[in-house]
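First the structure, in the form of structure tokens, and then the observations on it.
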Amino acid sequence: MDNLEKQLICPICLEMFTKPVVILPCQHNLCRKCANDIFQASNPLWQSRGSSSVSSGGRFRCPSCRHEVVLDRHGVYGLQRNLLVENIIDIYKQESSRPLNTKSEQHLMCEEHEDEKINIYCLTCETPTCSMCKVFGAHKDCEVAPLTSIYKRQKSELSDGIAMLVAGNDRIQAIITQMEEICKSVEDNSRRQKQLLSQRFDSLYNILEERKKELLQSITRQQDEKLQYVRGLIRQHGDHLEVTSKLVESSIQSMDEPQMAAFLQHAKELIKKITDMSKVSTIDRPDPGYENMDHFSVNVDYVSEMLRTIDFHSVASGEEEEDLLDTEEGETVLEEEKSEPTDGH
């Protein structure tokens with residue numbers, strides 16, 4: 001019977017279960033009243049059954065295994081009754097000579113008066129004692145109270161303390177869960193912002209690369225134009241040089257002619273050709289500095305300084321998409337500017 005009674009003790013009030021007895025999802029049992037006390041302490045804003053407003057349920061933790069119990073709007077009244085335990089309590093009550101809700105224990109005897117049971121509580125010394133100690137002993141000048149009343153009061157205080165600790169633990173667990181969610185949100189938001197930052201820098205890289213390609217093409221175009229012009233002049237001068245070389249050779253051969261009549265037959269024509277070639281010798285050639293390409297230099301100092309000042313700025317949750325649109329519009333403007341003709345500077 002003693003072992004059976006130990007199995008019928010509520011972990012909250014430390015008394016035998018008081019009907020109705022409810023069974024939790026974790027299969028542990030509680031007095032409905034004790035379960036309601038814990039539930040109310042863990043959910044102070046929950047409306048009682050008599051309230052006209054609709055409640056959304058709540059939760060608390062089993063005092064035996066710390067399993068979280070989630071309740072609907074009916075609160076602890078929605079928990080299933082454990083009729084088996086209630087029947088066992090009834091059988092135990094019939095078989096036991098003691099009244100229900102009393103514990104199996106031997107009466108403690110006073111150490112000073114061995115034949116006297118400890119039946120009162122000394123409020124002054126805060127210790128249990130016997131009536132003889134109050135009348136003749138060490139507690140005769142102390143204030144005392146019935147042992148039963150002090151027993152019930154302190155057991156009630158202990159029960160309330162347990163309920164407060166359980167409720168406090170639930171609140172701490174809720175705070176821990178909330179902070180874990182904050183950590184997850186921080187990681188998710190950081191990952192998202194890193195991705196956005198990388199995308200925007202990649203966009204800048206693409207703009208710079210495209211602009212670099214266009215400017216290099218401008219240099220290449222003028223390079224080809226200048227080379228084509230100069231090489232054309234080289235071909236003209238080469239042709240002129242070939243003609244004059246042949247004319248010089250013919251003139252030297254005429255100079256070696258011993259016969260005056262034969263010499264005079266060709267001399268006039270050679271002189272005329274030489275005169276004509278002298279006039280043609282003023283062939284175009286590039287102006288001084290034509291080879292210079294310094295006008296294709298670019299000043300990127302202000303751009304470099306602007307890039308060095310890139311930093312984060314606060315964007316409200318609803319403004320981030322607008323900021324992204326502004327960035328895309330800015331990139332479009334840059335694209336349009338790049339498409340305009342350039343003079344090389």
Side-chain angles (χ1 to χ4, degrees), residues 1-24 28-42 44 48-49 60-64 75-77 79 81-169:
M1 295 294 288
D2 291 342
N3 291 331
L4 176 60
E5 184 181 4
K6 291 180 181 178
Q7 300 301 318
L8 301 177
I9 298 298
C10 174
I12 298 300
C13 64
L14 304 179
E15 296 282 357
M16 189 176 296
F17 288 117
T18 301
K19 295 192 294 184
V21 180
V22 294
I23 182 169
L24 305 181
H28 289 113
N29 299 289
L30 294 175
C31 307
R32 182 189 284 171
K33 179 181 181 303
C34 295
N36 191 57
D37 291 341
I38 296 180
F39 177 68
Q40 293 288 349
S42 301
S48 62
R49 297 185 72 191
F60 68 94
R61 292 189 179 274
C62 171
S64 298
V76 297
Y77 295 93
L79 292 172
R81 291 178 62 176
N82 194 333
L83 299 179
L84 176 60
V85 172
E86 293 181 4
N87 291 334
I88 293 174
I89 292 174
D90 292 337
I91 295 173
Y92 177 83
K93 181 179 178 181
Q94 295 173 2
E95 297 295 329
S96 176
S97 59
R98 297 166 299 175
L100 192 62
N101 293 338
T102 59
K103 300 189 72 173
S104 173
E105 61 180 9
Q106 294 181 351
H107 288 287
L108 295 178
M109 308 303 290
C110 179
E111 294 181 357
E112 296 294 331
H113 309 92
E114 297 180 357
D115 295 332
E116 293 292 329
K117 296 177 181 179
I118 294 179
N119 55 1
I120 60 175
Y121 187 84
C122 177
L123 298 176
T124 305
C125 301
E126 296 184 345
T127 182
T129 186
C130 71
S131 300
M132 295 299 293
C133 288
K134 169 57 180 171
V135 177
F136 303 106
H139 301 283
K140 63 181 180 179
D141 297 325
C142 297
E143 182 181 359
V144 297
L147 190 66
T148 305
S149 63
I150 303 301
Y151 167 79
K152 291 181 178 179
R153 187 182 72 187
Q154 292 194 1
K155 179 162 282 193
S156 176
E157 292 176 358
L158 182 59
S159 177
D160 293 342
I162 292 173
M164 289 177 60
L165 287 177
V166 170
N169 289 342

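Nearest approach of I120 to C130, heavy atoms of both residues: CD1-O, 3.4 Å. The two atoms that bring L24 and F60 nearest to each other are CD2-CZ, 4.1 Å, heavy atoms only. Taking every heavy atom of both residues into account, C31 and T18 meet most closely at SG-N, 3.1 Å. Considering all non-hydrogen atoms of both residues, I9 and F17 come closest at O-CZ, 3.7 Å. Summarising the geometry of L30 relative to C10, their closest heavy-atom pair is CD2-SG, 4.3 Å, with the distance given to 0.1 Å. Contact between P20 and E86 at its shortest, heavy atoms only, is CA-OE2, 3.2 Å.
To the nearest 0.5 Å, atoms NE2 (H28) and SG (C62) are separated by 5.5 Å. Expressed to the nearest 0.5 Å, how far CG of L84 lies from CD1 of I89 amounts to 10.0 Å. Note that CG of D141 is 9.0 Å distant from OG1 of T124, once rounded to the nearest 0.5 Å. To the nearest 0.5 Å, the span separating CG on L8 from CG on N29 amounts to 9.5 Å. Put simply, SG on C125 and CD on E143 are 11.5 Å apart, with the number rounded to the nearest 0.5 Å.
Within 6.0 Å of CD on E126 lie no more than 12 heavy atoms contributed by other residues, nucleotides or ligands.
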* Could you walk me through whether I38 and I12 pass the side-chain contact (heavy atoms from CB on, under 4.5 Å) test, one step at a time? => CA-CA 9 Å; I38 296 180; I12 298 300; 3.1 Å; yes
* Asked: Between Y121 and R153, does a side-chain contact (heavy atoms from CB on, under 4.5 Å) hold up when you go through it step by step?
  -> CA-CA 12 Å; Y121 187 84; R153 187 182 72 187; 5.6 Å; no
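When each of D90, N82, L83, V85 is tested with K19 by the rule side chain to side chain contact (heavy atoms under 4.5 Å, CB included), just one qualifies, namely D90.
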